[in-house]
Structure formats: C-alpha cells, structure tokens
Asks: 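Below is one structure. I have some questions about it.
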Amino acid sequence: MTDPQIVLTERVQQALANAFGSEYADADPLIRPSQFADFQANVAMSLAKRLRRAPREVAETLKAALSDFPGTVEVSGPGFLNITLDDSWIASEAAEMLADPRTGVGTAAPSQTVVIDYSAPNAAKEMHVGHLRTTIVGDSLARVHELLGNHVIRQNHLGDWGTPFGMLIEHLLDIGEEAAIAQLEAGMGTEYYQAARAKFDSDETFKQRSRVRVTTLQSGDPETIRLWHVFMDATVRYFDKIYGLLGVTLTDADIAGESIYNPMLEKTCDDLQAAGVAVLSEGALCVFPPGFTGSDDKPLPLIIRKSDGGYGYATTDMAAVRYRVDDLKADRVLYVVGADQALHFRMVFAAARLAGWLPDTVSAEHVQIGMMLGKDGRRFKTRSGESIKLMDLLQEAVDRADALLDERGYDDATRAEIARAVGMGAVKYADLSVSHDSEYVFDFDRMLAFTGNTAPYLQYAQARIRSIFRRGDIDPATATGPITLGHPAERALALQVLGFGAVVEQVAALSEPHRLAAFLYATATTFTAFVENCPVIKEGVDPETRASRLALCALTLRVLHDGLHLLGVPVPDRM
Ligand code: ARG
C-alpha cells in the first residue's frame, strides 16, 4: 500500500506503541493534509490528557520515536507534528506504482461475494430519470469491487410482476402483439401504461378481463406467461438500448426481477409465520420488527401478505434477502435504491435478521440515492409535469456534446464517438461526483463545461497526456523513468497519484464513488499545474528530466484512465 497517508498512519501508530505502550497501537494519529508540510498529525493533542503530559512533550517524544522516518518531522504550535516526506521516498513509491500492473490497487483479502442490486426500473412504466442514478452509482460500485477481486453478482431487480400486468397483457391483446412490441421497444412504456390504465378506469369489461388475467398469470397459465414474455422481452430490449448508450455493464443475465421470487412468496410467508416472526393483524400477515413505531407510537408493521391474500413489494424483498444469502452466498448485499425507500429497507433487514435469514456475518446495506432535481429545485420533470424520458435526455446530452465539438475538424465517425463519450461521461460523472445520498440538480450546462469538476475536464486532461505521447511519438508503456523529483509541481503530482489505491478501497468499503471522483479531479488539477510548469518533450529539456516527466505523465495517464473507467466514464483518446 503506497498511499502516504496510510503509510504515515502506520508509522505514527508504531511510534505511539514504542513510546507509550502497545495499548496505543491503534489510536487514530489524526493525519491530515497540511498547509505547512505534506501532512500534520494531531494525535499529541488528543492523547495528552490520557497520557497526563503536555501535548508538546508528547509531540517531542513521538518525533524522537519517528527518527528513522523517510522524511522530516517538526513540532509546531501547541503540539502539531508537521511531516514532510523525502523526495526520494515519494519518487521510489511512484516508480513502484508505475511498475505495478495494478497501478497500486490491491486485491481484497479475503475476497468477498458482493451482491449489488441496482438499476431496477419498473417494466410497467417507462424507465425514468430516477433510475439513472441507481444505474450509474451501482455500476461504478460493481466495477470497483470487481477490480478489487471480489466476486460481484449484479441483480437487476426489475419491477416485472404484480397486479398491473393483468391490464398490461389485456391491452397487448387489444392492440396486437406487433404494435405492442413496436411501442415498447421505442420506449413508449409510459404511453402504453397510460392507455391501459385509461381503459381500466373507464371500461368495466376491460377491468374485469384484467382482473381475471392477473389470476391466470399468477397461476402460471402457459399462454398468459407467453404474453407476459412478449411484453417483458420488448421492454427489456428498450432497457438494453439505454444501458448500451450509457455503457453500463448490466446484461440480460443480471436480470433478477420481482417475478423470479413469485414461486417463493407463499413459503416465505409460511416460514415466517411458523417461526413466529410474522403474525396476523387485522387479517394481514405482518412482521413487527422491534424499534419501529409509527407517529401514533404503535408498532409499525411490515406487511408481507395483505388481508386479501395478495403479496407485495415487501414480501418479494424478504424472499430476495433469503435467496441472496442462501443461494448466492453473499457476504455483502448492496441495495442501490432511492433514499425514499430507507424505512422499507431498514424494516426488511430487521425482519430478515429476526428470522435468521440475514446472519450477522452478512451485511445488508442500503446505498441511498438522492433525488434528481430540476434547475427549479423541484423533482426533475418536464414543463407539463411528466417525468422526462430517459432516452430523450441521454440523446440531448450527446447532441449538446456534439455541438461543443464544432470546428475541431474530426471526421464524422470520430466526432460521433467523442460526442457520445463526452455526453454520456458528463451525465454519469455529474451523478458520481456528488455524494450518492444528496439531492442534485441536473444541469446540462454545468455538467458539460470543460472547466471545473466535470467529465469533459477529466477526459480532456487524459487526452492531453495522450497527445504529449503522440507528439513525441512515444508509447506510454515505454515511459518507465527513472523518476526524479526536482520541481515542486513534479513532487506534488507524484504525491497526489500515490493515493489512488487507497481511494479505490475506500469507495468499496463505504460505497461512495464520489471519493474517487474528487481524487481524480485533484489529480487532473495537479497535472494541469505540472504541465504548465514543467515542459516534457520540448526541445532543451535534458534527457533525465524528460524521462522522469514522461514517467510521471504515464503514471498519471493510467490513474486517470483506470479511475474514469471505474466510474464508468468513457475515456476518449483525443478530444
Ligand atoms: N423497482 C423499484 C423502484 O423502482 C426498485 C427496486 C429496488 N430493489 C429492491 N430489492 N427492492 O422503486
């Protein structure tokens, strides 16, 4: 692990143990980036009381215990330790990272099975912008866990079952299979749903037919199941177009919609009831997990079978927990789903723990996704109040990106490819660069800007490095140094990129891709300062400096390329 902050943490902890006893070996040394040195450690102040000594004295003792440290340690103020790393240490760590095919990213030990539930649009309706974030954040987490060597199982928990399917199938019979397929494949799911709904509300015989159809669907009648497949397959083909345009790694093999749990629901309820975890309350079968109360202070039920005998969203999720633990053998289950479902998941997890279906060795985590807002600060919608169609939104991003490429002289095919990369990159990065649980304002102008914390800025930074290599006619793979650090901008860049492996691990541990985004942005700005101060292939640069700077460029290129790839942001060679 080359991350300086982690190396420092370990060294200071060692020093603490040596100076004050092993019980201090895992005290937090409170290492932070500093204005006056590379880092400062504030542990002397926090431990002074416990040690019954003056903070400055503690700091001096630590300084002495750090005498073999590859850098300088100074005590300042009331007891800060200011730590500056030796250039030679930074350079050799950077060289090691460059030589490492994994660019400093370790492998998870032990490797875990991580089930990631994400995207999960509802087939009865058009996939809308609300599903964009869960798709993008979930996909990034999947990529990160895979790189770390975890066994990732993607689960696209499609809304593909339930009472609306009675009327959706009857509507399909009314308009004909061909027309239905054409409409659904074109992404007109909302229109299709609304037409079915209108008939359901106004036409008594249609309503009756729909009700009967739900029953035949649930009983597994072969012709009804065939019709359901006609509907679902066309819908999934549309989802796949969106995934394809976005460059999301989900495939049809990852679909594990609500329908797959249908055969398990009865047993789910029976087992919970037999175990005494679920009880009948006013005719409904409910779990009352302790600690959940409503506004009236009454225990809050998780309803797993309605009084009319129907199963719901919670029943399916109870069955899904069991399946993911028992059959998929999950160590961790990540639910990348809207924040508005927080209570639902807390109750499902609590009920599953009660039932013993979710053992303490398995962690279930709701990765809460904040709402996407329009520029007016309200839920993102069109003027007429309709949800915005995802495909239209994505197409607009590509079109706007394309307009930014005017006069750059690309041939049509190259231009189209770059426009897609920039447009999709912008939409995805805007989502990933803010913490997943905060609301965020969808703003094309901001996300497509070439300056600031945006995808185009980062894509441009890496394209700029590539162009240095192209102009010098050098293959980045041959830029192996040696690295020597002269100019402060070289040192700053080397120090910055060393943090890559640690940040990737943090993203996996905390499910927070925005940490990687922030790291990449800092890397790109540090690189920009570097190229502006340190000519690389210009005439007059001596061969050693040139070799070292090319190696720093190659290392930065790999960090930006691999990092953007982990976020799922496309990385065009040129821009
Ligand atoms: N289809 C649901 C929705 O759109 C999300 C499903 C999330 N996953 C789950 N296991 N409940 O709100």
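Atoms within each ligand, like the ligands themselves, are counted from 1 in listed order. Scope of the values below: all heavy atoms of this structure, side chains included, with no hydrogens, waters or symmetry mates.
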Asks: Any salt bridge between R143 and E146, counting N to O under 4.0 Å?
Replies: no
Asks: Need the ligand 1 atom indices (1-based, order shown) with element for anything under 4.0 Å from a heavy-atom of Y313.
Replies: 2 (C), 5 (C), 6 (C), 7 (C), 9 (C), 11 (N)
Asks: For the ring pair Y311 and Y313, is the centre-to-centre distance below 6.0 Å?
Replies: no
Asks: Do F231 and Y192 have their ring centres less than 6.0 Å from each other?
Replies: yes
Asks: Near D117, which atoms of ligand 1 are under 4.0 Å from a heavy atom of that residue?
Replies: 7 (C), 8 (N), 9 (C), 10 (N)
Asks: So, T205 and D203: side-chain donor and acceptor under 3.5 Å apart, yes or no?
Replies: yes
Asks: Any nitrogen or oxygen of V337 lying under 3.5 Å from a nitrogen or oxygen in ligand 1? Just yes or no.
Replies: no
Asks: Is the distance between the ring centroids of Y261 and H157 less than 6.0 Å?
Replies: yes
Asks: Nearest non-hydrogen contact with atom 1 (N) of ligand 1 belongs to which option: N122, T316, V336?
Replies: N122
Asks: Would you please indicate if the ring centroids of F450 and Y457 are separated by under 6.0 Å?
Replies: no
Asks: What I want to know is whether Q341 and ligand 1 share at least one N or O pair that is separated by under 3.5 angstrom.
Replies: yes
Asks: Using a strict 4.0 Å cut-off to heavy atoms of F345, name the atoms of ligand 1 that fall inside it.
Replies: 9 (C), 11 (N)
Asks: Between Y335 and F349, does the ring centroid distance fall short of 6.0 Å?
Replies: yes
Asks: Work out whether the distance between some heavy atom of H131 and some atom of ligand 1 is less than 4.0 Å.
Replies: yes
Asks: Is there a polar contact, in the sense of an N or O pair closer than 3.5 Å, between Y335 and ligand 1?
Replies: no
Asks: When only distance counts, is H344 in polar contact with ligand 1, meaning an N/O pair under 3.5 Å?
Replies: no
